[in-house]
Amino acid sequence: MPSLTGQVALVTGASRGIGAALAVELARRGAQCVLVARTQGGLEETDDAIRAAGGLPATLLPLDLQKRAQDIDMLGPSIVARFGRLDILVHAAGVLPKLTPVAHIQPRDMEESLAVNFSAAWRLIRTCDPPLRAAPAGRAVVLTDAVAEAPAAYWGLYGAAKAGMDHLVRCWAAEVATTPLRVNLADPGPVATGLRANAFPGQDPARLARPEDVAPALADLCEASEARHGATIRVAAQAAR
Ligand code: NAP
């Protein structure tokens, strides 16, 4: 029996990139996935890939984590009402509006970065904490970036929000340390996605890891056997299965 059979996973950023590949991997391992992103077509493509991999049909929740932030608050209770449990939270949604000097950051770009890269994590923790604590082996994986711990010129818009998110996640991990819930940050390293192409338009994506190359190691963090907690895990890419 696949290792995550019977478990329910909420995955944000599931319309493309790393979140989509990770959702497919979790479904391949037997999880019932609830997929969140803005783009309905992208969510449907991920669901198609899940079905092709032999997974259970996913539940699609088109949601803008910035413009409909308050709707995040209903995710935990709605999932419990529908499935009776929530075992896994993956927060892979992220946005890199642009690389720019701190002195040139525009208010609307900062609002977007703070909403998606920081506040969404807070709201997800708020709504998912009760069912994740109640799960036999609750697991939360939040996607971060090395730049959060290594400030670099022009990366402040994205990196400061990620650094704040990381702090929040580590505090949450400390708060649930005595429960079965394991909470970790994961840095996937350079991966060929839309976000990466925005940051490095001249970089050849063929020389980078693909989302499906990092998905198995990220999915391992969602397994009941994962004992690490409150850590920032630098994920090593491996050839896709
Ligand atoms: P990506 O391909 O650009 O995907 C980003 C995902 O976030 C998409 O599914 C997008 O869906 C969703 N998203 C963005 N804004 C949203 C919003 N307002 N509401 C709801 N969903 C939203 O990026 P990725 O490279 O896979 O990144 C995944 C995570 O890994 C991010 O947290 C990123 O910071 C992190 N990371 C990536 C790299 C890398 O090299 N790729 C390196 C380090 C860390 P919609 O557009 O459909 O809403």
Side-chain angles (χ1 to χ4, degrees), residues 8-28 31-50 55 58-69 71-72 75-76 79 86 88-97 112-125 127-128 139-148 158-159 161-162 164-166 168-169 183-199 205 208-219 221-222 233 235 237:
V8 178
L10 169 62
V11 182
T12 72
S15 61
R16 55 189 154 88
I18 297 165
L22 179 48
V24 174
E25 182 62 25
L26 293 174
R28 184 181 286 122
Q32 165 72 61
C33 289
V34 178
L35 309 180
V36 170
R38 290 167 300 185
T39 312
Q40 173 82 28
L43 293 175
E44 287 171 3
E45 284 174 19
T46 303
D47 186 37
D48 289 346
I50 283 174
T59 296
L60 313 187
L61 284 180
L63 174 61
D64 188 321
L65 298 174
Q66 177 184 14
K67 295 185 179 148
R68 287 174 47 207
D71 290 359
I72 300 171
L75 287 176
I79 290 169
L86 176 64
I88 295 166
L89 166 65
V90 171
H91 182 34
V95 65
L96 178 55
E112 183 183 17
S113 184
L114 287 176
V116 181
N117 297 325
F118 175 70
S119 294
W122 154 61
R123 285 192 181 269
L124 284 164
I125 290 168
T127 191
C128 294
R139 298 289 178 265
V141 178
V142 179
L143 274 286
T144 187
D145 192 303
V147 76
Y158 168 80
K162 285 285 193 189
M165 180 191 75
D166 290 7
L168 201 68
V169 170
V183 173
N184 289 299
L185 293 156
D187 169 15
V191 180
T193 66
L195 184 144
R196 185 82 192 174
N198 277 347
L208 297 175
R210 300 165 301 166
E212 54 269 35
D213 297 330
V214 294
L218 290 167
L221 301 177
C222 302
I233 294 151
V235 167

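Position 1 is the first residue of the sequence, and the numbers go up from there. On a predicted model such as this, the values are computed, not experimentally measured, just so you know.
Residues L43 and P62 form a side-chain contact, since some pair of their non-hydrogen atoms from C-beta on lies under 4.5 Å apart. Put simply, the side chain of V183 does not reach to within 4.5 Å of the side chain of R139, judged on heavy atoms. At a threshold of 4.5 Å between non-hydrogen side-chain atoms, the residues Y158 and L195 count as touching. Inter-residue side-chain proximity for T193 and R16 is flagged as unmet; no heavy-atom pair is nearer than 4.5 Å. Between R38 and S15, the closest side-chain pair of non-hydrogen atoms is not below 4.5 Å. Contact of the L185 side chain with the I233 side chain is not registered, since no non-hydrogen atoms from C-beta on lie closer than 4.5 Å. Within the 4.5 Å cutoff, no side-chain heavy atoms of V34 are placed close to those of V11.
With sequence neighbours left out, N198 forms a side-chain hydrogen bond (donor to acceptor under 3.5 Å, both in side chains) with no residue at all. D47 pairs by the salt bridge (Lys or Arg N to Asp or Glu O under 4.0 Å) definition with R51, not counting sequence neighbours. In terms of the salt bridge (Lys or Arg N to Asp or Glu O under 4.0 Å) criterion, D64 has no residue partners (sequence neighbours excluded).
If you take CD on E25 and SG on C33, they are separated by 10.5 Å, rounding to the nearest 0.5 Å. Atoms CG and SG, on L86 and C128 in that order, are 5.0 Å from each other to the nearest 0.5 Å.
What you find for V141 and A186 is that their closest heavy atoms are CG1-CB, 3.9 Å. Of all heavy-atom pairs spanning G17 and P211, the tightest one is O-CB, 3.6 Å. For the residue pair M165 and H91, the shortest heavy atom distance occurs at SD-CD2, 4.2 Å. Between P188 and V214, the shortest heavy-atom distance links the atoms O-CG1, 3.8 Å. When all heavy atoms are compared, the tightest approach of A9 to A31 is CB-CB, 4.3 Å.
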Q.
side chain to side chain contact (heavy atoms under 4.5 Å, CB included), that's the test. Do L60 and Q40 meet it? Break it down for me.
A. CA-CA 8 Å; L60 313 187; Q40 173 82 28; 4.1 Å; yes

Q: Using the side chain to side chain contact (heavy atoms under 4.5 Å, CB included) rule, take L124 and L75 through it: C-alpha gap first, then chi angles, then the decisive distance, then the call.
A: CA-CA 8 Å; L124 284 164; L75 287 176; 3.9 Å; yes

**Q.** Derivation of the side chain to side chain donor-acceptor pair (under 3.5 Å) call for T144 and D187
**A.** CA-CA 5 Å; T144 187; D187 169 15; over 6 Å; no

Q) Could you go step by step and tell me if T39 and E44 meet the side chain to side chain contact (heavy atoms under 4.5 Å, CB included) rule? A) CA-CA 9 Å; T39 312; E44 287 171 3; over 6 Å; no

Q.
Working note: L65 + V36, criterion side chain to side chain contact (heavy atoms under 4.5 Å, CB included); need CA distance, chi angles, decisive distance, verdict.
A. CA-CA 9 Å; L65 298 174; V36 170; 4.2 Å; yes

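With L10 as the fixed residue, the side chain to side chain contact (heavy atoms under 4.5 Å, CB included) test singles out one of I79, I88, L35, V90: I79.
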